[in-house]
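Accompanying notes for the structure given below.
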Amino acid sequence: MLSLIEKAETGHELNREELLCLLSDASNLQEITAAADRVRHEYVGDEVHLRGLIEFSNICKNNCCYCGLRRDNTEIHRYRLDEDTIFKLAEYAVTQMGLKTIVLQSGEDMWFNSQRMCALIGRIKTLDAALTLSVGEKSAEEYLAYKQAGCDRFLLRIETTDKILYKRHDPGMSWKRRRECLNDIRRSGMEVGSGCLVGLPGQTLESLADDILFFKQINADMVGIGPFIPHPDTPLRNAEKGNFDLSLKVMALTRLLLPDINIPATTAMETLASNGQTKALQSGANVIMPNVTLNECRKYYELYPGKSVTNCSSDKSLAKLRAKISSIGRSVATDKGFRKRQNNLQIETLSVIMPSNKN
Ligand code: 5AD
Ligand code: SF4
């Protein structure tokens with residue numbers, strides 16, 4: 001009998017009970033992250049993709065209880081960058097820093113309607129880079145318009161698959177609607193990114209197992225997982241923060257079940273633990289999203305306090321990041337870093353040829 005970890009490493013399938021069994025035993029962390037590191041090496045290689053993140057507006061119409069950008073937070077200074085500024089940041093990131101993907105992220109800021117967003121997409125796509133948007137819930141038509149304007153990928157975390165928890169922490173929003181958005185993004189032809197928070201108050205290990213199975217079910221192309229970090233100007237100010245090791249484990253298990261996807265070493269991981277991002281890169285992650293936002297705006301994009309920024313907008317910080325990556329035997333990718341889908345048939349065939357791989 002293969003152990004559950006071996007089973008996940010070779011077959012990339014686990015059921016809910018098996019995931020739960022692995023999640024509830026803290027002593028297996030090292031074994032799981034090492035397996036995820038091997039699977040990462042085998043399927044997506046040793047290259048780390050750098051995605052230049054531009055946080056272009058911190059205005060949000062939503063009121064998520066965990067997030068510092070929530071609409072009821074009056075303590076925060078709100079900003080919105082204009083199209084020229086955003087374009088110049090993107091241009092610098094691509095032409096001067098050599099980044100191959102730009103990620104535009106904002107709160108749900110209604111000023112950026114479909115027309116404005118598409119104009120911005122079209123302009124950025126004149127640069128030789130892939131483009132990812134992370135701007136929240138939109139209509140199917142709008143997602144399609146983004147794709148037609150040239151957008152390649154879209155990030156929309158499900159946050160949690162636990163509908164009761166979602167209702168509690170995302171007042172005024174609907175889990176069903178969010179799920180539909182992910183379908184609409186898929187139908188638009190963009191790559192689909194999702195993800196979850198680990199350590200939301202009231203979250204169970206069962207629901208984390210469901211989150212991992214959810215990513216598999218929607219066949220996400222990218223999954224970002226980060227620990228919850230309480231923000232003092234939100235209703236969850238007194239809640240306990242998420243656990244780093246558990247977040248790392250959820251990420252590693254996601255790599256085991258979705259071997260060929262892109263997984264970022266999230267900023268929240270770096271914020272919660274020293275060297276958190278390096279540990280994540282050694283536990284299944286293969287992407288880093290250095291921040292290329294205007295310096296004067298960064299401090300206002302405070303999803304959570306102490307947000308550790310992987311800086312990249314000076315030659316020196318980029319060199320430092322490169323050095324960090326090579327110090328763990330990895331290199332910076334030179335391509336645009338789309339998901340390199342593995343042929344499912346091949347995996348099927350392998351398990352037929354080697355029946356011992358089946359538990
Ligand atoms: N702690 C950690 N992550 C957070 N996010 C929002 N607020 C917090 C917090 N307090 C994450 C959400 C969102 C992403 C942009 O930031 O998962 O999808
Ligand atoms: Fe807005 Fe996103 Fe923050 Fe929710 S998590 S309040 S949608 S920025």
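Here, residue 1 is the first one in the sequence, and each next residue gets the next number. Every number for a ligand or one of its atoms is a count from 1 in the order of the listing. Every heavy atom of this structure was used, including side-chain atoms; hydrogens, water molecules and symmetry mates were not.
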Would you indicate whether the side-chain heavy atoms of Trp175 and Thr160 approach each other to under 4.5 Å?
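Side chain of Thr160 against side chain of Trp175, heavy atoms only: no contact under 4.5 Å found.
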Heavy-atom contact under 4.0 Å between Gly68 and ligand 1?
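No, Gly68 has no heavy atom closer than 4.0 Å to ligand 1.
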How close does the nearest protein non-hydrogen atom get to [atom], and which residue and atom is it?
atom: atom 16 (O) of ligand 1; answer: Leu303 CD1, 3.6 Å
atom: atom 1 (N) of ligand 1; answer: Ile229 N, 2.9 Å
atom: atom 8 (C) of ligand 1; answer: Tyr304 CD2, 3.7 Å
atom: atom 6 (C) of ligand 1; answer: Tyr66 CD1, 3.7 Å
atom: atom 14 (C) of ligand 1; answer: Arg157 NH1, 4.1 Å
atom: atom 18 (O) of ligand 1; answer: Glu159 OE2, 2.6 Å
atom: atom 3 (N) of ligand 1; answer: Leu197 CD2, 3.2 Å

Numbered atoms and elements of ligand 2 in range of Cys60, under 4.0 angstrom, heavy atoms:
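Checking each atom against Cys60, I get 1 (Fe), 6 (S), 7 (S), 8 (S).
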Atoms in ligand 2 flagged as close to Arg70, the criterion being non-hydrogen separation under 4.0 Å
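Contacts of ligand 2 toward Arg70, numbered from 1: 6 (S).
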Between His231 and Tyr304, is the ring centroid distance below 6.0 Å?
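For His231 and Tyr304, the ring centres are not under 6.0 Å apart.
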I'd like to know if [X] and [Y] make a salt bridge, using a cut-off of under 4.0 Å between side-chain N and carboxylate O.
X: Lys100; Y: Asp335; answer: no
X: Arg178; Y: Glu159; answer: yes
X: Glu9; Y: Arg255; answer: no
X: Lys7; Y: Glu18; answer: yes
X: Asp210; Y: Lys163; answer: no

Please could you name the atoms of ligand 1 that Cys67 approaches to less than 4.0 Å, counting only its heavy atoms?
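That gives atoms 6 (C), 7 (N) of ligand 1.
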Which atoms of ligand 1 sit under 4.0 Å from any heavy atom of Phe228?
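So the atoms of ligand 1 that pass are 1 (N), 2 (C), 10 (N).
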N/O donor-acceptor pair under 3.5 Å between Thr85 side chain and Leu81 backbone:
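Here the side-chain-to-backbone pair does not exist.
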Candidate list Asp72, Asn73, Thr234, test side-chain hydrogen bond (donor to acceptor under 3.5 Å, both in side chains), partner Asn63, passing option
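Of all the options given, the one that passes is Asp72.
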Greater than 12 external heavy atoms within 6.0 Å of Gln30's CD:
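For Gln30, atom CD is not crowded (no more than 12 foreign heavy atoms under 6.0 Å).
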Have a look at ligand 1 and work out which part of Cys196, if any, has a heavy atom under 4.0 Å from it: side chain, backbone, both or neither.
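Under 4.0 Å from ligand 1, Cys196 contributes no heavy atoms.
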Cys64 near atom 3 (Fe) of ligand 2: N/O/S under 2.8 Å:
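So Cys64 does not count as coordinating atom 3 (Fe) of ligand 2.
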Do protein heavy atoms approach atom 1 (Fe) of ligand 2 to less than 4.0 Å?
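It does: a protein heavy atom is found less than 4.0 Å away from atom 1 (Fe) of ligand 2.
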